[in-house]
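We count residues from 1, following the sequence as given.
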Amino acid sequence: MSDFAKFKVPSWIHDEHLIGMLRGIEKEGLRVKSDGYLTQVPHPKKLGSKLTHPFITTDYSENLLELITDPKDSPKDTLLMLRQLHVLVYRALPEDELMWPLSMPYMRSAEDEDIPLADYGRSNTGKLKTLYRSGLGIRYGRRMQAIAGLHYNLSFGDGLFETWQAQTSSAHNQTLTDFKNDKYLGLIRNFKRLTSIILYLLGASPNVSSCFLAGLEHDLILQNDSTYYKPTATSLRMGKLGYTNSVQENLDIRYNDLPEYIAGLRRAIQTPHESFKKLGLNDADGNPIQINDHILQIENEYYSPIRPKQIANRGETPTEALERRGIAYVEFRAIDLDPYSDVGIRLSSACFLEIVALYCLLNDSPDLLPEEEEELAINVERVVNEGRRTNLHIVNDGIEVPLERWMLEHLNNMLPLAAMFDAHYGGNDYRAALALMQGKASHSESTISAQVNADSERLGGMWQLGLTLAQQHRDALLAQTFSPNTQAKYEVLAEKSILQQAEIEEAETEDFMDFLEQYR
């Protein structure tokens, strides 16, 4: 277990070591109609091709938008671009459509048919993406795939790692890439150790719609006629009702060194799974319904609160990219949409995540082994379901400790790092963010999840809350204007993406079944 309690900021690091730090956001959001049903209208033409557009695509379903920013030099710039993408979406959506602001979907229907698979056109590349989604649907049900979240992607500049490596006598014979891989994996292990803090402070999914629960076993209680909840839950999205997967629980994919992590993922992709075998590869008419019957169809099927990432070239798998060029950035995935923000995340949350990332990077990070992973899983389960319960305890090194005290110790440790960020960027956004989180740690009623529960009760349910917020966000976003340059840039991108999709479809003439056989 990492000894966070003894944390001191290393003497070699100064605010100039934050030069070159980049962050980007991927944000999902369901398109819903004002009557509460998910839209069945295809992705708007005006937004370009979802196969090739760099910033606007769809995730699982045709109605689940995914907006992706460029990597940016500051959190403010990242949020500015994310807001621009939201404005573009609203300008293109039919009038009665809204972007649902909550992570958990509101459903008027429990039918899978109301969650149409994203369609990426007639190229083999596009058809494979749709087939992967078909496999997810038959394996886990489409409702689970309609849950939306936000990924915060982050990398530190080489200057930080070069200075650090020069200070580390045991690292002199390592390449910079290997040194960075080790440090990023240390960050990942520590982030897993601190996931409970993220779920408590940023969790925003304490309730779900009754249709979402149809046919599922659960212990939620009725909040009103169409909403179920847990009174002190934080993030049901990250618990048994959300992105969990019993098949993956015993995979033992480890983050202690990069080759080991890659080998673990590949093993899962190459290992057939009995229950997926029973589903069959093709339907009665011979049409494929999943890529393969293995534990994972592809790497992206592996659910984890955080992932090491490298930008993959065309035709390259994520593990090949990692193996060839090492870790370029980390992807924080345990983040619920903030329904009170028009873009799903506030500046304070973004600044806080960056402080946590640096804290996890600089702290000692021993290997993370199955025994500790089990302990962390217990903590996540407790915080997901009852994180705001007075005097809740979690397990730390085999000992039960109060969650509040544990969180406050870590948040206090982070103070000098928040000051370092503010020294680098100017202003006091990072210290203000940390102070806000310290307040939430001791006053659970000020957390987002508490607010969601209180507002759902006050307004008469999850649907009323989501609809009210979605309409407010839409009006605020549509009131924004673009410079002619920005406007033109995005129009050109959309047109170019449509041409690129046509080129791919022109070039890929091989029969899909032959292509798939080879891929399998």
Side-chain angles (χ1 to χ4, degrees), residues 1-25 72-79 152-165 167-168 179-180 182-202 305-306 329-332 334-335 345-366 405-442:
M1 188 81 181
S2 181
D3 197 357
F4 286 108
K6 294 197 176 77
F7 178 67
K8 279 195 173 54
V9 180
S11 57
W12 58 263
I13 191 169
H14 304 290
D15 67 273
E16 71 262 19
H17 290 116
L18 299 175
I19 292 170
M21 188 176 167
L22 292 170
R23 70 282 291 147
I25 291 174
K72 297 284 186 186
D73 289 330
S74 75
K76 278 185 175 149
D77 287 346
T78 312
L79 292 179
Y152 203 87
N153 302 324
L154 212 125
S155 65
F156 293 93
D158 279 355
L160 182 149
F161 294 108
E162 284 160 357
T163 306
W164 194 354
Q165 188 175 12
Q167 302 288 322
T168 312
F179 183 77
K180 281 166 65 173
D182 287 350
K183 294 306 174 194
Y184 275 132
L185 287 170
L187 185 169
I188 287 170
R189 294 192 294 275
N190 280 340
F191 183 82
K192 292 193 81 165
R193 294 176 170 116
L194 295 187
T195 303
S196 292
I197 289 190
I198 303 293
L199 299 181
Y200 173 92
L201 292 171
L202 303 184
I306 180 167
Y329 64 96
V330 290
E331 178 183 59
F332 295 115
I335 308 158
I345 182 171
R346 290 176 242 204
L347 179 64
S348 54
S349 303
C351 291
F352 174 62
L353 286 167
E354 299 191 359
I355 297 167
V356 170
L358 188 58
Y359 181 63
C360 289
L361 181 72
L362 296 177
N363 254 299
D364 184 39
S365 185
R405 193 186 79 205
W406 176 82
M407 288 194 295
L408 286 169
E409 279 172 8
H410 283 296
L411 294 170
N412 289 334
N413 282 349
M414 294 175 197
L415 281 166
L417 301 179
M420 189 187 297
F421 273 108
D422 280 335
H424 180 66
Y425 288 105
N428 64 349
D429 289 334
Y430 288 85
R431 281 167 299 177
L434 196 57
L436 182 75
M437 299 307 166
Q438 286 171 313
K440 290 178 195 273
S442 8

- Task: Specify the closest pair of heavy atoms between A334 and T195, including all atoms of both residues, with the distance to one decimal.
- Result: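 Between these two residues, the closest heavy atoms are CB-CG2, 4.3 Å.
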- Do you know the tightest heavy-atom contact between L201 and A441?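 That closest heavy-atom pairing would be CD2-N, 4.1 Å.
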Are side-chain heavy atoms of [X] and [Y] found at a separation under 4.5 Å?
{"X": "I25", "Y": "L79", "answer": "yes"}
{"X": "Y152", "Y": "E354", "answer": "yes"}
{"X": "M437", "Y": "M414", "answer": "no"}
{"X": "L347", "Y": "P75", "answer": "yes"}
{"X": "S196", "Y": "W406", "answer": "yes"}
{"X": "L194", "Y": "N190", "answer": "no"}
{"X": "Q167", "Y": "S11", "answer": "no"}

Applying side-chain hydrogen bond (donor to acceptor under 3.5 Å, both in side chains), name anything that partners [X], two or more places apart in sequence or on another chain.
{"X": "K180", "value": "D158"}
{"X": "N428", "value": "none"}
{"X": "K8", "value": "none"}
{"X": "Y329", "value": "none"}

- Message: Can you classify the ring geometry of F421 versus Y430 as parallel (below 30°), tilted (30 to 60°) or perpendicular (above 60°)?
- Response: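 Correct class here is parallel.
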- Query: Are D429 and K76 ion-paired here, with the side-chain N under 4.0 Å from a carboxylate O?
  - Reply: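 Counted as a salt bridge, because a side-chain N and a carboxylate O are separated by less than 4.0 Å.
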Just to verify, what does [X] make a ring-ring contact (aromatic ring centres under 6.0 Å, His included) with, not counting sequence neighbours?
{"X": "Y184", "answer": "F161"}
{"X": "F156", "answer": "none"}
{"X": "Y200", "answer": "none"}
{"X": "F352", "answer": "none"}

- Message: Using a 3.5 Å distance criterion without hydrogens, assess whether the side chain of S442 forms a donor-acceptor pair with backbone atoms of Q438.
- Response: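 Answer holds: yes.
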- Hey, does the side chain of R23 reach the backbone of S155 with a donor-acceptor pair shorter than 3.5 angstrom?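 Side chain of R23 to backbone of S155: no pair is present.
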Let me check something: any side-chain donor-acceptor pairs from residues 12-19 under 3.5 Å, sequence neighbours excluded? List them with distances.
from	atom 1	to	atom 2	distance (Å)
H17	ND1	H14	N	2.9
H17	ND1	H14	O	3.4
H17	NE2	T163	OG1	3.1

- State which residues pass salt bridge (Lys or Arg N to Asp or Glu O under 4.0 Å) with R189; sequence neighbours excluded, sorted by chain then number.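 Listed in chain order: nothing, the list is empty.
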- Message: Once salt bridge (charged side-chain N to carboxylate O under 4.0 Å, His left out) is applied, what residue pairs with a partner in residues 410-426 remain, sequence neighbours excluded?
- Response: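 Listed by first then second residue: D422-R431.
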- Residue pairs fulfilling salt bridge (charged side-chain N to carboxylate O under 4.0 Å, His left out) with at least one residue in residues 406-415, sequence neighbours excluded: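 Matches after skipping sequence neighbours: R405-E409.
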